[in-house]
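Chain naming here is simple, since letters A, B, ... match the order of the sequence lines and numbering starts at 1 in each.
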Number of protein chains: 2
Amino acid sequence: MRRAKEAGPARQEGGGTQSLQRALAVLRLVASHSGRGIRLADVVERSGLTKPTAHRLLQALEQEGFLAQDVASRLYHLGPEAYVIGTLAGDRYGFRRAALPSLARLAAASEDTAFLTIRRDLHGVCLHREEGSFPIRSYVLQAGDRHPLGVGAGSLAILAALPCDEAEELIERNSEELQARYPGFPPSLLRQRVEEARIEGHAFNPGQLYAGSWAVGVAVMGRNGQCEGALSIAAIENRLQPDRRTYLVRLLQQEVAKLTELQERPAGATNIVAQARRLTAN
Amino acid sequence: MRRAKEAGPARQEGGGTQSLQRALAVLRLVASHSGRGIRLADVVERSGLTKPTAHRLLQALEQEGFLAQDVASRLYHLGPEAYVIGTLAGDRYGFRRAALPSLARLAAASEDTAFLTIRRDLHGVCLHREEGSFPIRSYVLQAGDRHPLGVGAGSLAILAALPCDEAEELIERNSEELQARYPGFPPSLLRQRVEEARIEGHAFNPGQLYAGSWAVGVAVMGRNGQCEGALSIAAIENRLQPDRRTYLVRLLQQEVAKLTELQERPAGATNIVAQARRLTAN
DNA sequence: AAATCAAATCCATATTGTGGACCTTTCCCT
DNA sequence: AGGGAAAGGTCCACAATATGGATTTGATTT
């Protein structure tokens with residue numbers, strides 16, 4: 001297919017189903033506007049696809065039930081099928097459900113906004129945002145938003161929790177995107193922040209992404225030693241000065257401890273094989 | 001594309017992205033084996049696709065993160081991206097989360113297995129299965145399983161809760177599939193069962209799908225008057241005789257009442273439009 | 001009523017997905 | 001161990017299918 005405009009040097013991973021990549025990119029794009037909805041024109045702009053292509057993909061995804069279009073506003077939203085798929089996937093990755101009570105407690109105790117972020121390949125994805133009672137709230141990070149690992153407190157906490165060589169490799173692989181779209185985050189800065197986060201035991205973002213929007217984050221480790229995600233709290237600058245920052249970190253660490261305890265079985269592989277033998281026969 | 005084998009007379013809905021349809025069908029197929037995993041050969045058999053095609057789609061979906069393949073067993077499972085999408089969709093269709101406590105209570109009180117089913121176009125999809133303590137358990141209905149509306153107690157409850165003309169239309173539209181794949185469910189039987197369910201106030205399935213696996217179901221109505229889904233309980237025949245059946249129906253109705261009360265805002269359209277104006281501008 | 005913007009549609013073109021045939025690995029039975 | 005079967009994975013010529021510039025339709029604003 002004729003590549004539209006941007007799109008870097010060449011797709012890394014071996015050739016596959018390109019139209020599928022496009023379609024799923026559109027699906028993710030709509031997902032990242034979850035709750036708000038997104039217009040065709042915005043999809044065109046953000047995906048770099050042409051209008052007919054974007055439109056066709058949106059329509060096809062809608063027909064399959066993965067998207068739903070509001071007839072009045074013409075905005076595209078995630079559809080019921082996406083919900084079904086995700087619900088079933090939740091049986092395997094039930095991390096969010098476990099974390100929701102923690103987020104609620106964090107938001108209540110801190111009065112600021114608490115976030116759950118998970119790693120998804122090279123990026124951190126915000127899965128949930130729980131608002132506190134404090135009247136000044138930032139809308140810098142929404143559910144569905146993705147940034148390269150290290151950009152933002154939760155995302156940075158995850159990066160810092162990974163083995164050194166893996167973290168370094170990820171920074172490397174993200175360098176192109178960082179350079180292109182995150183001028184405030186050169187790889188060198190990320191390395192420094194990761195270093196600091198490891199020493200301090202928590203990630204700290206002093207308004208690096210948006211001036212005035214500060215945040216702290218702590219990683220959640222699974223019982224297999226892998227990083228599952230991170231909890232973070234964002235607030236305005238003067239609510240994240242040293243004393244309060246220490247307090248918020250303590251809150252986060254308490255919740256992380258609770259989460260670590262009630263970590264669910266990670267779907268043991270041997271078990272699955274045995275089940276499969278029995279069940280996939282029909 | 002060359003149509004493989006089966007596939008009826010002609011696809012009804014207007015031409016779109018066929019390969020996408022196939023890919024999403026594969027995704028749904030894997031989802032329907034959530035937890036268990038599915039093998040390439042089974043995907044080939046159940047989807048009617050050829051092996052290279054199925055394999056390519058599975059690989060592409062895996063690369064995009066929507067599927068994950070267990071390296072040891074080669075079984076395909078839903079991937080983290082599916083979880084992300086579904087989690088975000090959950091903000092719009094948060095029905096399942098609300099229903100989980102009810103299912104837990106139903107399973108505990110009845111000692112049998114409780115299910116949550118929702119409508120998805122022409123089908124009922126089992127979203128969750130909560131097992132009770134009774135030692136004889138049927139595995140007739142798993143999370144992710146789909147059947148035409150009316151097949152199974154939960155599915156039948158949903159069908160019976162719809163307006164008469166709509167229900168009739170759905171039976172009509174399902175008649176082909178019923179005839180081909182559900183020999184025990186001729187449309188005429190469905191109409192009769194729907195009639196009974198409306199009179200009785202609950203759906204009853206006396207082992208129609210699998211002999212010995214009986215079930216009762218009650219629909220959950222949203223506050224907009226639309227049917228949101230259904231709760232159901234399945235048990236072996238002698239645990240669904242008249243007296244106990246009445247008891248179980250009462251349990252179901254209690255939980256349905258609780259669910260109806262704490263129904264969430266159905267994302268009012270006007271509100272969404274207003275938000276969109278503000279938020280999709282950037 | 002005119003103008004502006006966005007959404008939806010058309011259609012010739014060649015890029016892309018397709019599947020029969022083939023190879024490789026794993027598992028099981030003797 | 002050895003041999004056979006079944007499943008997973010790959011190749012490549014072919015044409016069916018997605019593509020996007022241009023156009024039409026529809027809605028909203030001035």
Side-chain angles (χ1 to χ4, degrees), chain A residues 1-7 10-11 13-26 30 37-64 67 69-77 269-270 273-274 276-277 280-281, chain B residues 1-7 10-11 13-26 30 37-64 67-77 270 273-274 276-277 280-281:
Chain A
M1 292 154 190
R2 307 126 192 155
R3 200 137 278 296
K5 22 187 167 180
E6 50 182 329
R11 278 282 174 266
E13 312 275 340
T17 311
Q18 288 91 324
S19 67
L20 221 197
Q21 287 185 350
R22 290 175 162 195
L24 296 179
V26 168
V30 178
I38 188 171
R39 301 176 309 165
L40 168 61
D42 294 314
V43 173
V44 169
E45 184 189 334
R46 297 186 175 223
S47 65
L49 300 171
T50 60
K51 207 187 333 179
T53 299
H55 184 247
R56 189 159 9 85
L57 292 176
L58 286 166
Q59 291 297 320
L61 285 166
E62 183 189 8
Q63 196 182 312
E64 294 296 313
L67 296 182
Q69 186 177 23
D70 188 302
V71 279
S73 65
R74 319 241 103 161
L75 288 171
Y76 292 92
H77 299 267
T270 43
V273 176
R277 287 282 140 69
T280 58
Chain B
M1 291 154 191
R2 307 124 192 158
R3 200 136 280 296
K5 22 187 169 181
E6 49 185 325
R11 277 283 174 266
E13 313 275 338
T17 311
Q18 289 90 324
S19 66
L20 221 196
Q21 287 184 350
R22 292 176 161 197
L24 296 179
V26 168
V30 177
I38 188 171
R39 300 176 312 164
L40 169 61
D42 294 315
V43 172
V44 170
E45 184 190 334
R46 295 185 175 223
S47 65
L49 301 170
T50 60
K51 201 177 359 166
T53 299
H55 184 248
R56 192 165 4 89
L57 293 176
L58 286 165
Q59 291 297 320
L61 286 166
E62 184 189 7
Q63 195 181 314
E64 293 296 313
L67 295 183
Q69 186 178 23
D70 187 301
V71 279
S73 65
R74 319 239 105 162
L75 288 170
Y76 293 91
H77 298 267
T270 43
V273 176
R277 285 284 140 68
T280 58

*Under 3.5 Å, side chain of A:T17 to main-chain N/O of A:S19, donor-acceptor pair present?*
no
*asked:* Counting only side-chain heavy atoms from C-beta out, which of C:dA8, C:dG20, D:dA7 sits nearest to B:R39?
replied: D:dA7
_B:Q59: which residues meet the side chain to side chain donor-acceptor pair (under 3.5 Å) condition with it, sequence neighbours left out?_
B:H55, B:Y76
Any protein N or O atoms within reach of nucleotides 23-26 of chain D? Criterion: under 3.5 Å, listing atom names and distances.
none

*Would you please confirm or rule out a distance under 4.0 Å between OP1 or OP2 of D:dG20 and any side-chain N or O of A:T53?*
yes
*Any B:Q18 side-chain N or O less than 4.0 Å from OP1/OP2 of D:dA18*: yes
*Report the distance from atom CD of B:E45 to atom C1' of D:dA6, rounded to the nearest whole Å.*
14 Å
*Can you check the B:L57 CG to D:dG8 P distance for me, whole Å?*
15 Å
*Just how far, in rounded Å, is C1' of D:dA18 from CG of A:L24?*
16 Å
*Is the shortest side-chain N/O distance from B:H55 to OP1 or OP2 of D:dG9 below 4.0 Å?*
yes
*Taking CG from A:L40 and C1' from D:dG20, how many angstroms apart are they, rounded to a whole number?*
13 Å
*For C:dA8, take OP1 and OP2 only and decide whether either is under 4.0 Å from a side-chain N or O of A:Q69.*
yes
*Go through the structure and list residues passing side chain to side chain contact (heavy atoms under 4.5 Å, CB included) with B:A23, not counting sequence neighbours.*
A:L20, B:L57
_How many whole angstroms separate atom CD of A:Q63 from atom P of D:dA18?_
12 Å
*What nucleotide among C:dA21, D:dA7, C:dA6 has an atom nearest to a side-chain atom of B:P52?*
C:dA21
*Verify the contact: side-chain N or O of A:R56 to OP1 or OP2 of D:dT19, cut-off strictly under 4.0 Å; return yes or no.*
yes
*Rounded off to whole Å, could you give me the CG-to-P distance for the A:L75 and C:dA6 pair?*
13 Å
*Hey, does A:L58 have a side-chain heavy atom less than 4.5 Å from the side chain of A:V26?*
yes
*Listed by chain and number, what are the side chain to side chain contact (heavy atoms under 4.5 Å, CB included) partners of B:A68, not counting sequence neighbours?*
A:Y93
*asked:* Can you confirm whether B:K51 sits close enough to B:L40 that some side-chain heavy atom of one is under 4.5 Å from a side-chain heavy atom of the other?
replied: yes
*Taking atom C1' of C:dA6 as reference, at what distance in whole Å does atom CG of A:D70 sit?*
16 Å
*Can you tell me how far C1' of D:dA18 sits from CD of B:Q21, to the nearest Å?*
13 Å
*So which one's nearest nucleotide on DNA chain C is more toward 5', A:A41 or A:L20?*
A:A41
*asked:* Measuring from the side chain of B:S19 (C-beta onward, heavy atoms only), which nucleotide among C:dG17, C:dA8, D:dA7 has the closest atom?
replied: C:dG17
*Can you tell if the side chain of B:Q69 reaches within under 4.5 Å of the side chain of B:R74, non-hydrogen atoms only?*
yes
